[in-house]
Structure formats: C-alpha cells, structure tokens
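Throughout, a chain's letter reflects where its sequence line sits, starting with A, and its residues are numbered from 1.
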Number of protein chains: 2
Amino acid sequence: MAPSDPLTQIDPVVRPTIADQVFDALYARVLSLDLPPLTKLSEAEVARQMGVSRQPVRDAFYRLSKLGFLIIQPQRATTVSQISARDVSRARFIRSTIEIRIVRRASGGLADDDIAALERILSDQLGALEADERARFHRLDDAFHQRICEAADLGFAWDVIRETRAHTDRVRYLSLGTGSRRAYEDHRRILDSIIARDADGAERALDDHLAQIDKIVAGLRARNPTWFSEEE
Amino acid sequence: MAPSDPLTQIDPVVRPTIADQVFDALYARVLSLDLPPLTKLSEAEVARQMGVSRQPVRDAFYRLSKLGFLIIQPQRATTVSQISARDVSRARFIRSTIEIRIVRRASGGLADDDIAALERILSDQLGALEADERARFHRLDDAFHQRICEAADLGFAWDVIRETRAHTDRVRYLSLGTGSRRAYEDHRRILDSIIARDADGAERALDDHLAQIDKIVAGLRARNPTWFSEEE
DNA sequence: CTTCACAAACTGGTATGTTAGTATATCAGG
DNA sequence: CCTGATATACTAACATACCAGTTTGTGAAG
C-alpha cells in the first residue's frame, strides 16, 4: 500500500451499550418529569422492567447521579432528585459567565455564513413559535446558542455548558411554551447586537435572556412545590 | 426531648466505598505520572493487585475516564490518557473566564477576615517557597484561589473549576518547582489589586497568572513528547 | 524471511449470586 | 392506645462467572 495515503483513523467507539440505552431511557423520563422528583428507583426493579441485568442499570444510575438527576443513598434507596433553585441559579451563573465571554468575542465579527446560519435558526424558531411546536422550539434554542459558540471558534465551550445544564433542563421542559415569545425576541436582540458588533449590548441581551430561568423557577415552584427542594 | 432543638440532619454519606479508595489510589498515581500516559490498565489486573473484585475497579475507571485521565476502549484496552495541550488550553479558558468574574466581584470589597485569611495563605506560601516544599506550595496555591471564591460568596464555583482542572493537574504536578516564585508574585499582585478594589488590575493579574500554564506545557512537551498527544 | 490462518489469551460488558446496612412490619408488654 | 424489641423485606455495594468481541502469539505454507 502506498504510504502516500495514510487513510483515516477509524474510531472504534460505535456500539451503544445496554448501559447507554438504560441511561438514555431514564434520562428522558426524568427530564420529562415522567419520573417526578422523589420517585424511588430500585436497580433490581428497573432491571426487571427493562429486561436487562442489574449491572448496566447500576452504571446508568451512577451516571445520572453525576448529573444531579438521581440521589443514590447506599443501602437505602435511589430517588429522583428534587429541583434545587439554588443549583439552577448556580448553573446559570456558570453558564452566563462563559457565554457572555463568547458573545463578546462573537461581537468582534462573525463570518457571513455563520450569521446566515444563525439567521436561519432564528427564522425556523419563529416558525416553531407560531406553529406552537414546543419541542422543536427548544431544540432550536439550543442550536442557536451552540452555533454562536462554534462561530466564535469556541465550540468546546458548548460541551461544558451542556453539562452544567442538566439542572436547568427539567425547568426548561416544565416551562414549555411559557416565555417562548420572549425567548425568541431575546435571541433576535442578541444576534442584532452581534451583527452590529455591539459587545456590551450583546452581553446585556444575553444576561437578560438567561436571567429568565430564575423567574420561571419561581413561577413553577409556586405551582409544584413538591418538585423543588426547600433550601433557604 | 425539647422540640426547641431540632438537632442536626445527619448526612448518610460517610462511608468511603471500596470504589472510592480505588479511585483515589489510581487518581494519585495518574496525577503523579507514576502511571504515565499510554500505560495500559486492565480492570482484572488492577482488581487482582488491589485485592478487590472488578466491580469497584470498574466504577473507578469510569469516573477517571470522565475526568479525562483514562480512555476506555471496550473489548480493547483502557489506557492512561495523554496530556492534550488543546484540552489544557480549553480548560484554562473556562477557568479563567469563571475566575475573572470572581476576582472582579471580590474587587468590589472583601470582609476584613477574608483578606486576613488570604494574607495568611500568601505568607504561608512564601514560607513553602523558601523551604522548597513543593507539594505544600501547590496545596496553598489551590487554597488561595478557593478562598477568593468563598470570599466572593461563590464557593460553588471552585467545585466547577476543580472539575475542569483535571487536565491541567498533571502539568502542574510535572512543573513542580518551576515558576513557583512567579506564581507567588502573581498571587501577591492579585490580592493587592483586590484590596485596592482595582477590578481591571486584578483581572489582568489573574489572566497573566493562569496564562503561565500554556508556557509550562510547551516547555514540558519539548522534554517529554510521548506524554503529550499530538494534535495539529 | 514474509504471509496469513487460527488458536489462545486477553479486553470490557453483562448477568447473577452474596453481603452488610437500613427501613418497616410485627408483636409483646405496658 | 403507646413503646420498644425484633424479625422480615428491602436497598446498593461487592464478588464471581460468563460472554462476545479484539489482540497477539504461533506455525505452516509460500
């Protein structure tokens, strides 16, 4: 074989394990509050219901506990965590801190095709908003923020943001339609500021945008107090 | 019992599991490069050597892989990861972004006892520097940064920083004495700026301080190329 | 010496048995 | 009814066994 062509290194990580599948299934059910906070889960019981052994369930439990979705109490029980207003607030602090720096950098000037892609996401989002397609709206919301990260050549930052986001995701899921119009307008304002290369404006718009989550939490908490942990 | 004293809720998480111990042991050995990059580890082999079953070893492996210390390739091997200059740089970006915001807030004014505590850490650090006690110097380095977080009432941020720090920790360990004097002086400058309520000065001092890591990586890489992964 | 089929020795993922700690049901004594 | 000891039924942590892939050693063919 000619050494001129080094071929391409193949990535041997393709097979989704059973543990992955259990994780995904539980993640979706916790996120959607199909498994509401304080629900007790048992490795053995989940394994039985899913028709697998306890081992992959255990792996999945552990991963979910790392995300803050499950609380594992050895020899006692594993329960779906309550939503902590404090943790949501902290996650927002971390996220906004990182993302503000990113939009400021983006405000230094973006490539035309990045701006075009962001515009496309925004118009799609407007479509989703008017059609009341909430799941699609949220997907596009993420896509918008992610695209900004990538455009600023800081794509890895999105991975960090996503991890801190687990706490807030259930809140977002709960909020569903509420505040969508506002969210869309916030995005519009952020992009406009970036295009105008107005870093301060972009920062303000983004900070306002992310600050909404705390208000949403307060509203939800009033209606579903048992889903939230009560720390001062 | 008088209801006037609600006692204190006990936290049922006190027992360090075997998995924890395996994790700690491996963490220390990877960090110290006692297990250098590209070392192959086997669940079975480690379990045998430590006299435990594969199960807790497996848990520990998974945690270490999440930190980026191990690369698990199913059915193939688990190896100690190489140090990625790119990942170190990215971790620094995340860290400096968060920590800059923190020192800026701290520059808004700190309580007297916080400043006193920071001064004490600094003088201890000077002592460690002159006595060439490197491990203690590094511990105090962390303590300094952590204390600033706590003083700014953002103690949780330190937990986030610590997680992103795994990538950089091996580099720090390798660097040992080099740059300690410089690090101490950076700390001095940061604290002085905070005391003077000079947010911009504190930001500059911190950013310079954290930027050192990239220089250190370059130097180490030249001497130990096999420990580093070569991406572009 | 090189090539290559193939067996043997690995790997981590999965299944299941065992152990020790915890919560709860039960019931005797008041 | 209440109290408190104790048996029972849980729990997750840990140990062991097996599986399906992958790598590697080996030796015959060329």
Using atom [atom1] of [X] as one end and atom [atom2] of [N] as the other, report the distance to the nearest whole Å.
X: D20(A); N: dG13(C); atom1: CG; atom2: P; value: 9 Å
X: R48(B); N: dT11(C); atom1: CZ; atom2: P; value: 11 Å
X: D59(B); N: dA13(D); atom1: CG; atom2: C1'; value: 9 Å
X: R63(B); N: dA13(D); atom1: CZ; atom2: P; value: 9 Å
X: E45(A); N: dA12(D); atom1: CD; atom2: C1'; value: 15 Å
X: Q21(A); N: dT14(C); atom1: CD; atom2: P; value: 8 Å
X: I18(B); N: dA13(D); atom1: CD1; atom2: C1'; value: 8 Å
X: I71(A); N: dA12(D); atom1: CD1; atom2: C1'; value: 15 Å

Could you tell me whether the phosphate oxygens of [N], OP1 or OP2, come under 4.0 Å of any side-chain nitrogen or oxygen in [X]?
X: R76(B); N: dG21(D); value: no
X: R54(A); N: dA15(C); value: no
X: T78(A); N: dT11(D); value: no
X: S53(A); N: dT14(C); value: no
X: T17(B); N: dA13(D); value: no

Original post:
Taking C-beta and beyond as the side chain, do W158(A) and H145(A) meet within less than 4.5 Å on heavy atoms?
Top reply: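 W158(A) reaches H145(A) side chain to side chain.
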Subject >> Basic-acidic side-chain contact under 4.0 Å: R58(A), D59(B) >> reply: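 Salt bridge: yes.
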Original post:
With the threshold set at 4.0 Å, does a side-chain nitrogen-carboxylate oxygen contact exist between D132(B) and R134(B)?
Top reply: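 Judged by the 4.0 Å cut-off on N to carboxylate O distance, D132(B) and R134(B) do form a salt bridge.
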**OP:** Tell me which of S42(B) and K40(A) sits closer to the 5' end of DNA chain C, going by the nucleotide each one is nearest to.
**Re:**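 Comparing both residues, the 5'-ward one is S42(B).
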**OP:** From the options I102(A), V103(A), D186(A), I148(A), select the one residue that forms a side-chain contact (heavy atoms from CB on, under 4.5 Å) with L206(A).
**Re:**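 Among I102(A), V103(A), D186(A), I148(A), the one that satisfies the side-chain contact (heavy atoms from CB on, under 4.5 Å) with L206(A) is V103(A).
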**OP:** Please state whether the base of dG12(C) and the side chain of Q75(B) form at least one donor-acceptor pair under 3.5 Å?
**Re:**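 It does, because a donor-acceptor pair links the side chain of Q75(B) to the base of dG12(C) below 3.5 Å.
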Subject >> Nucleotide nearest E43(A) (side chain, heavy atoms from C-beta), chosen from dA15(D), dG13(C), dA12(D) >> reply: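 When the side chain of E43(A) is considered, dA12(D) is the closest of dA15(D), dG13(C), dA12(D).
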Original post:
In terms of side-chain heavy atoms of F61(A), which of dG12(C), dA12(D), dA15(D) is nearest?
Top reply: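 Per side-chain heavy atoms of F61(A), the pick is dA12(D).
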Original post:
Where does the angle between the aromatic ring planes of F144(B) and H187(B) fall among parallel (under 30°), tilted (30 to 60°) and perpendicular (over 60°)?
Top reply: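 Parallel.
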**OP:** Give A19(A) one of three labels, base, sugar-phosphate or nothing, depending on what nucleic acid heavy atoms sit under 4.0 Å from its own.
**Re:**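 Result for A19(A) = sugar-phosphate.
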